[in-house]
Amino acid sequence: MSKEYDVAIIGAGTAGLTAQEEVVKHTDNYVLIDDGPLGTTCARVGCMPSKALIAVADDFHKCSFFDEYGIDGAKGLIPDHQRIMARVRSMRDEFSGGVIQEMSGFMDKVIRKRAEFLDPNTLDLGDETIRAKSIIIATGSKPFIPDSWLPFKEFIIDTDQFFELETLPKTMAVFGLGAVGIELGQALHRLGVRVTVISRRKTAGGLTDPKLAEYAFDHFSKEMHIELGTAQILGKTPTGLEVGCGSKRWSVDRVLIATGRRPGLQDLNLKNLKVDLDAKGMPVFNPETLQVGDLPVFLAGDVNGLKPVLHEAADDGTIAGYNACAGTMARFKKRIPLQITFSSPDIAIAGLSHKALTEKGIDYVVGEASWEELGRARMMLGKAAGRARIYAEPQKGRLLGAELMAPAGEHMAHLLALAMGANLTIKEILGMPFYHPVPEEALLDAFLQIATQITDPVSMPILQRIKGKPHG
Ligand SMILES: Cc1cc2nc3c(=O)[nH]c(=O)nc-3n(C[C@H](O)[C@H](O)[C@H](O)COP(=O)(O)OP(=O)(O)OC[C@H]3O[C@@H](n4cnc5c(N)ncnc54)[C@H](O)[C@@H]3O)c2cc1C
Ligand SMILES: NC(=O)c1ccc[n+]([C@@H]2O[C@H](COP(=O)([O-])OP(=O)(O)OC[C@H]3O[C@@H](n4cnc5c(N)ncnc54)[C@H](O)[C@@H]3O)[C@@H](O)[C@H]2O)c1
């Protein structure tokens with residue numbers, strides 16, 4: 001006879017653990033199923049170890065400015081790749097160990113097995129079946145290697161394997177210039193690995209505004225070797241692989257695959273849910289309730305492919321946990337979208353992207369900011385680069401969205417998202433303080449441009465002063 005639960009959660013990552021926090025408020029009769037390593041993708045092989053590596057790479061990169069600053073001796077500094085990777089792993093172990101420690105209070109609810117659906121209320125765990133009134137799928141996403149590249153697998157590294165490297169290869173091809181490609185590609189380059197990035201599109205870190213995407217692509221191309229084209233693996237060499245795009249060829253020790261992740265849906269036997277699946281095997285679900293069709297089944301976190309970033313996975317866990325226990329489905333208002341890529345300069349999208357505005361046919365005016373001539377950016381070598389495109393509704397200039405590549409962009413993206421969340425008009429934004437000299441001053445130009453394009457005139461003495469620029 002199978003065991004009966006109120007809720008079964010498949011996946012003990014960020015979304016699954018947040019769902020558990022919500023479920024436990026309603027019932028103690030639940031189970032959390034995970035057959036993989038515990039500690040979450042974010043802490044083990046995602047957000048945290050990647051940022052630990054980037055921190056070292058960015059600090060080491062400052063050596064390249066020391067001579068110009070008037071500091072001698074920088075050329076003698078050598079990154080010890082073995083020690084760098086060991087430190088990254090040690091930080092990783094602290095972060096993922098912390099998550100596992102937090103789970104100790106409910107380990108008796110955790111089943112370390114792989115789950116497959118037999119029907120919407122029944123899971124096959126291999127040697128046992130369980131039944132649950134509601135089931136939350138929180139199985140995350142996985143790196144994906146196309147079949148044609150599998151014969152070269154011994155030389156291909158994905159992000160699940162990358163942080164296990166004892167040391168860094170001398171040469172590396174990075175396939176893709178999305179979030180993973182630019183973050184890790186730039187870090188490897190800054191640490192002295194000879195990197196060749198191959199990107200199918202003229203963009204970086206997910207930017208969708210064509211003007212900004214091209215600007216960012218060109219900017220990063222000046223720092224490291226980036227080729228535009230579809231990456232191919234052409235064969236093995238005595239020490240690695242021959243890779244290429246178009247008619248160009250390179251020999252590299254390893255390939256870092258950063259061409260996107262796939263939702264972890266493949267092994268769940270979703271056909272037994274008897275709902276329509278799209279071409280990618282994704283069941284139809286409601287993005288506000290996360291319910292699959294009208295079944296007692298929910299999709300939370302990366303697995304639903306909506307916004308594959310950590311804070312969204314956590315919100316999803318709460319929504320799915322709540323609805324899995326509630327009698328009726330609650331629809332939740334989502335936060336202002338925010339996506340930050342920790343390249344240098346940072347890349348970010350706050351609110352609606354250019355692509356989303358275009359697809360939805362929303363009218364907007366644009367203000368553009370630049371960090372190239374900003375005094376504060378120019379005095380910090382390597383920081384005087386960056387642009388932002390800020391989109392506002394054409395009447396009162398309320399912000400709709402923004403895309404940017406900018407120094408301190410991670411913070412500015414939050415400010416912009418806050419302004420969007422508070423529904424501020426451009427007049428209200430211009431009434432806010434902007435300290436001098438800070439990177440945020442560049443945004444004033446963009447706001448001013450918006451103020452001059454909207455239909456409701458903004459008449460403020462401050463506009464005249466900003467037009468003349470502060471003295472200093
Ligand atoms: C290199 C990298 C860097 C990143 N950096 C950032 C960042 O800086 N900021 C940010 O916001 N996001 C970042 N992300 C994204 C972020 O890590 C994810 O959005 C988040 O971890 C998703 O959480 P999740 O709960 O959906 O999935 P996960 O944490 O992956 O959890 C899924 C769990 O399901 C289990 N599972 C899968 N299939 C089954 C099955 N059939 N049966 C049982 N268990 C199963 C797995 O073992 C796993 O434990 C990064 C991702 C990567 C790869
Ligand atoms: N800072 C962050 O929040 C952060 C950091 C890293 C990863 N992530 C998450 O991880 C997920 C996966 O990141 P990712 O960078 O692997 O995927 P991605 O989808 O962000 O980017 C993949 C890129 O690879 C390109 N590409 C695909 N096939 C190619 C080929 N054959 N040749 C050349 N280019 C090719 C695509 O055009 C795309 O631009 C993202 O969705 C992101 O949410 C987030």
Side-chain angles (χ1 to χ4, degrees), residues 8-19 32-51 53-54 96 99 110-117 123-126 137-144 146 148-149 158-160 162-163 173-185 197-207 213 227-233 243 245 256-269 299-314 316-317 338-343 346-348 410:
I9 304 165
I10 314 174
T14 300
L17 290 173
T18 320
L32 184 55
I33 304 157
D34 197 314
D35 69 332
L38 298 181
T40 75
T41 290
C42 174
R44 284 189 313 104
V45 291
C47 333
M48 301 309 272
S50 58
K51 267 81 260 177
L53 185 75
I54 289 167
S96 57
V99 175
V110 179
I111 301 183
R112 309 283 285 123
K113 290 179 187 169
R114 175 148 288 260
E116 278 182 28
F117 279 91
L123 293 173
D124 176 4
L125 304 186
I137 305 173
T139 48
S141 61
K142 294 188 178 96
F144 171 72
S148 59
W149 292 348
D158 62 30
T159 47
D160 281 355
F162 178 80
F163 300 103
V174 177
F175 288 0
L177 196 56
V180 171
I182 186 63
E183 285 189 354
L184 292 182
V197 181
I198 305 176
S199 172
R200 200 155 58 181
R201 294 183 299 132
K202 207 164 193 200
T203 185
L207 290 169
E227 292 282 339
L228 188 61
T230 298
Q232 289 170 305
I233 299 181
V243 301
C245 68
L256 175 67
I257 192 134
T259 48
R261 295 167 68 86
R262 293 281 159 101
L265 291 168
Q266 294 75 24
D267 309 325
L268 291 169
N269 238 338
L299 278 176
D302 274 17
V303 72
N304 66 29
L306 288 178
K307 296 197 184 91
V309 290
L310 180 100
H311 68 280
E312 293 284 348
D316 278 6
L338 182 61
Q339 172 193 325
I340 297 171
T341 302
F342 296 87
S343 49
D346 297 318
I347 290 171
E410 58 178 291

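Indexing begins at 1, ligand by ligand and atom by atom, following the structure's order. These numbers were taken from a predicted model, which means no experiment stands behind them.
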* Heavy-atom contact under 4.0 Å between Phe342 and ligand 1? ->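 For ligand 1, residue contact (heavy atoms, under 4.0 Å) with Phe342 is present.
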Among [options], whose heavy atom sits nearest [atom]?
atom	options	result
atom 38 (N) of ligand 1	Leu32, Thr139, Thr341	Thr139
atom 18 (P) of ligand 2	Gly260, Cys42, Cys245, Pro143	Gly260
atom 23 (C) of ligand 2	Gly181, Ser343, Ala258	Ala258
atom 28 (P) of ligand 1	Val45, Ile340, Thr41, Leu53	Thr41
atom 35 (C) of ligand 1	Asp302, Asp34, Asn304, Asp160	Asp34
atom 8 (O) of ligand 1	Lys51, Met48, Arg44, Gln266	Lys51

Distance in Å, [X] [atom1] paired with [Y] [atom2], rounded so as to fall on 0.5 Å steps:
X	Y	atom1	atom2	answer
Ile10	Thr139	CD1	OG1	7.0 Å
Glu227	Ser199	CD	OG	10.5 Å
Ile198	Thr230	CD1	OG1	9.5 Å
Arg261	Thr41	CZ	OG1	5.5 Å
Asp302	Asp316	CG	CG	9.0 Å
Asp160	Ile257	CG	CD1	12.0 Å

Any N or O on [X] sitting closer than 3.5 Å to an N or O of ligand 2?
X	result
Val309	no
Trp149	no
Ser199	no
Thr341	no

Against ligand 2, does [X] come closer than 4.0 Å with any heavy atom?
X	answer
Gly206	no
Gly229	yes
Phe175	no

Heavy atom of the protein closest to [atom] (residue, atom name, distance):
atom	result
atom 53 (C) of ligand 1	Arg261 NH1, 3.3 Å
atom 5 (C) of ligand 2	Glu183 OE1, 3.4 Å
atom 8 (N) of ligand 2	Ala179 CB, 3.8 Å
atom 15 (C) of ligand 1	Pro308 O, 3.7 Å
atom 34 (O) of ligand 1	Gly11 CA, 3.3 Å
atom 41 (O) of ligand 2	Pro308 CG, 3.3 Å
atom 11 (C) of ligand 2	Arg261 CD, 3.8 Å
atom 29 (C) of ligand 2	Thr259 CG2, 3.4 Å
atom 37 (O) of ligand 2	Arg201 NE, 3.3 Å
atom 2 (C) of ligand 1	Gly46 CA, 3.3 Å
atom 13 (O) of ligand 2	Val180 CG2, 3.5 Å
atom 32 (N) of ligand 2	Ala231 N, 2.8 Å
atom 16 (C) of ligand 1	Cys47 SG, 4.0 Å
atom 21 (O) of ligand 1	Cys42 N, 3.6 Å

Which ligand 1 atoms, with their elements, are less than 4.0 angstrom from a heavy-atom of [X]?
X	value
Leu310	10 (C), 11 (O), 12 (N), 19 (O)
Ser50	3 (C)
Gly140	26 (O), 27 (O), 30 (O), 32 (C)
Gly36	47 (O)
Asp35	43 (C), 44 (N), 45 (C)
Ile33	43 (C), 44 (N)
Leu268	41 (N)
Thr14	23 (O), 25 (O), 29 (O)

Look at the side chain of [X] and the backbone N and O of [Y], then say whether any donor-acceptor pair between them is shorter than 3.5 Å.
X	Y	result
Arg114	Asp34	no
Asp346	Glu410	yes
Asp35	Lys113	no

Taking non-hydrogen atoms only, is [X] closer than 4.0 angstrom to ligand 1 via side chain, backbone, both or neither?
X	result
Glu312	neither
Pro143	neither
Ile10	side chain

* Any residue meeting side chain to side chain donor-acceptor pair (under 3.5 Å) with Lys51, in chain and number order, not counting sequence neighbours ->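 With neighbours one apart ignored, the set is Glu183.
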Which atoms of ligand 2 have any heavy atom of [X] under 4.0 Å away?
X	result
Thr230	31 (N), 32 (N)
Ile198	33 (C), 34 (N)
Ile340	1 (N), 2 (C), 3 (O)
Phe342	1 (N)
Gly178	15 (O), 20 (O), 21 (O), 23 (C)

* Asked: Is Ala15 close to ligand 1, meaning an N/O of one under 3.5 Å from an N/O of the other?
  ->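 N/O-N/O distance under 3.5 Å: yes.
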* Check Arg200 against ligand 2 and report side chain, backbone, both or neither, counting heavy atoms closer than 4.0 Å. =>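 The answer is both, backbone and side chain.
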* Are Phe175 and Trp149 close enough that their ring centers fall under 6.0 Å? ->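 Judged by ring-centre distance (under 6.0 Å), Phe175 and Trp149 do meet the cut-off.
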* Asked: Is there a side-chain contact between Cys47 and Phe342, using heavy atoms and a 4.5 Å cut-off?
  ->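 Of all side-chain heavy-atom pairs linking Phe342 with Cys47, none is under 4.5 Å.
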* Asked: Around atom CZ of Arg201, are there more than 12 heavy atoms of other residues, nucleotides or ligands at under 6.0 Å?
  ->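 No, the 6.0 Å shell around CZ holds no more than 12 heavy atoms from other groups.
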